[in-house]
Amino acid sequence: RGGAPATRETDLLDPAKMIQEIHAVVLSGGSAFGLDAATGVMRYLEEHDIGFETSVAKVPIVPAASLFDLGVGDDPTVRPTAECGYRAATAATTGPVL
């Protein structure tokens with residue numbers, strides 16, 4: 001929510017949509033630039049054969065949202081990248097978030 005939310009694939013969270021399962025959720029900073037982190041998560045999931053089955057490929061379903069925090073810190077050009085998302089997916093566990 002907000003005046004200009006940066007989101008990707010969040011419409012798929014609507015229970016009326018065809019997709020009934022998501023494979024990851026990405027929450028980041030970096031305004032709209034931070035949505036690139038979802039690309040890295042999708043790459044990781046694809047490498048692990050995780051995704052929505054279609055007739056030609058499995059497509060990972062990864063809704064993402066990013067908040068505007070470019071004014072925080074000394075350098076507004078520091079943002080999450082696809083590599084950040086990939087590394088986060090690699091480090092993810094099924095345990096509790098601490």
* To do: Give the cluster check for I50 versus Y86: same hydrophobic cluster or not, with ILVMFWY residues linked at side-chain heavy-atom distances below 4.5 Å.
  => yes

* Structure fact -> Interatomic distance, CZ@R79 vs CG@D69, rounded to 0.5 Å, equals 10.0 Å

* Structure fact -> Taken to the nearest 0.5 Å, the spacing of L13 CG from I22 CD1 works out to 5.5 Å

* Structure fact -> Smallest heavy-atom separation, R8 atom then T39 atom, equals NH1-OG1, 3.1 Å

* Please indicate whether F33 has more than 12 foreign heavy atoms, meaning atoms of other residues, nucleotides or ligands, lying under 6.0 Å from its CZ. => no

* **Heavy-atom donor-acceptor pair, H23 side chain to I61 backbone, under 3.5 Å** => yes

* Asked: What are the two closest heavy atoms between A64 and A38, and how far apart are they?
  -> CB-CB, 3.9 Å

* When you measure from the side chain of D36 to the backbone N and O of A82, does any donor-acceptor pair fall under 3.5 Å? -> yes

* Structure fact -> d(T90 OG1, E47 CD) to nearest 0.5 Å is 8.0 Å

* Can you list the steps and then say if M42 with V26 is a side chain to side chain contact (heavy atoms under 4.5 Å, CB included)? -> CA-CA 10 Å; M42 288 188 68; V26 173; over 6 Å; no

* For E9 and V62, run side chain to side chain contact (heavy atoms under 4.5 Å, CB included): C-alpha distance rounded to whole Å, both residues' side-chain angles, the deciding distance at 0.1 Å, then the answer. => CA-CA 7 Å; E9 305 270 1; V62 182; over 6 Å; no

* To do: Taking S28 for its side chain and P80 for its backbone only, find out whether a donor-acceptor pair lies under 3.5 Å.
  => no

* **OG1-CG distance between T7 and L35, expressed to the nearest 0.5 angstrom** => 7.0 Å

* **From Q20 atom CD to L12 atom CG, the distance as rounded to the nearest 0.5 Å** => 10.5 Å

* Structure fact -> The reported gap from CG in L67 to OG in S31 (rounded to nearest 0.5 angstrom) is 8.5 Å

* Asked: What heavy-atom pair brings A24 and V41 nearest, and what distance separates the two atoms?
  -> CB-CG1, 3.6 Å

* Structure fact -> All heavy atoms of P60 vs all of E46, minimum pair found to be CG-N, 4.0 Å

